[in-house]
Amino acid sequence: MKKMFVLLAGLLIAPFLQAAPEFKENVNYEVIRQTNTPKPEVMEFFSYYCPHCYQFEPIMAELKKQLPADVAFKRTPVAFLGKEMGPELQRAYAVADLLKAEEKVTPVLFQRIQTERNPPQNRADVRALFEQAGVDGKDFDGAIDSFAVTGMVAQYDRNTGSMNIRAVPSTVVNGKYLVKTEGIKSTEEFIALVKFLLAKKD
C-alpha cells in the first residue's frame, strides 16, 4: 500500500522528462481483448472503498480535460471491495450517474470513506450522503431499485468480468488495452500513454 501511495504521489508531482516516451506491450500496457470498441473510449474501474482510487481522482480529472472530443470517458464501479456495501455503492454510483449528479456525489462519498474513515453502513446512510450532496431523497428513492439502475449495475459487472479486472484503479483504453502504471513517472506520461493507446490501430 505504501508503495502504491508513493507511485500515485509521483504521478501527481513528478516532471514529465521525456517528450516522446516509447511505450511497449507487457511493460506499459497489456492486450486484454482482441477487438477495439466501436468508438474510442477510456474506461476507469474504481471503488469508493479503494484509497488508491481516491488518490487517482486528480489524475483522472486531468486526463478527462485532455481527451479528444470524440473520446468517451466512462467509469465502472466494481463490487469486489467494501464487503456487502460494495454492491450497494456500485448501485449508488449508477443512481448518481442516472440523476446526473455524479460530480456532486462522488466527492462526498470519497470524503466520508477515505478522509473521515466513517463509511456508510446501510442504504439509509447512502441516501443521507446523497442529500448532503444536494440530491433530493425522493429522487434517490425512485431510482435506487429502478430497472434502469439495475441494468447499469449488470453492465458494470459485465465490464469487470469481460475485462478480467481484479484490482483498482484500472484504466482500459478502447476496451482492448489495460494500462500498466508501474513504470509511469508522471501524470503527463500517464496521459501520453492513454493517448498513444487511443491512436493505436493494431
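Small disclaimer: the values here were computed from a predicted structure and weren't measured.
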Exercise. Is the Y177 to F23 ring centre distance short of 6.0 Å?
Worked result: no

Seminar exercise, completed: Residue set satisfying ring pair (Phe, Tyr, Trp, His ring centres under 6.0 Å) with Y54, at least two apart, ordered chain then number -> F110

For this session: Check each of I144, V153, D141 against V95 using the side-chain contact (heavy atoms from CB on, under 4.5 Å) test, and report the only one that passes.
Result: I144

For this session: State whether the number of non-hydrogen atoms from other residues, nucleotides or ligands found under 6.0 Å of K74 atom NZ is greater than 12.
Result: no

Exercise. Distance from K176 atom NZ to R33 atom CZ, nearest 0.5 Å?
Worked result: 11.0 Å

For this session: Check whether the side chains of T106 and Y48 place a donor and an acceptor atom closer than 3.5 Å, and report yes or no.
Result: yes

Exercise. If every non-hydrogen atom of K83 is compared with every non-hydrogen atom of P87, which pair is closest and at what distance?
Worked result: O-CD, 3.3 Å

Exercise. In Å and rounded to the nearest 0.5 Å, what is the CG to CZ distance from D145 to R123?
Worked result: 4.5 Å

Exercise. In Å and rounded to the nearest 0.5 Å, what is the CG to CG distance from L109 to L129?
Worked result: 5.5 Å

Exercise. So do P169 and F45 actually touch side chain to side chain, heavy atoms under 4.5 Å?
Worked result: no

Exercise. Can V31 be reached from L198 by stepping across I, L, V, M, F, W or Y side chains whose heavy atoms are under 4.5 Å apart?
Worked result: yes

Exercise. Just wondering, do P77 and L89 contact through their side chains at under 4.5 Å, heavy atoms?
Worked result: no

Exercise. Hey, what do you get for OG (S162) to CD (Q155), rounding to the nearest 0.5 Å?
Worked result: 8.0 Å

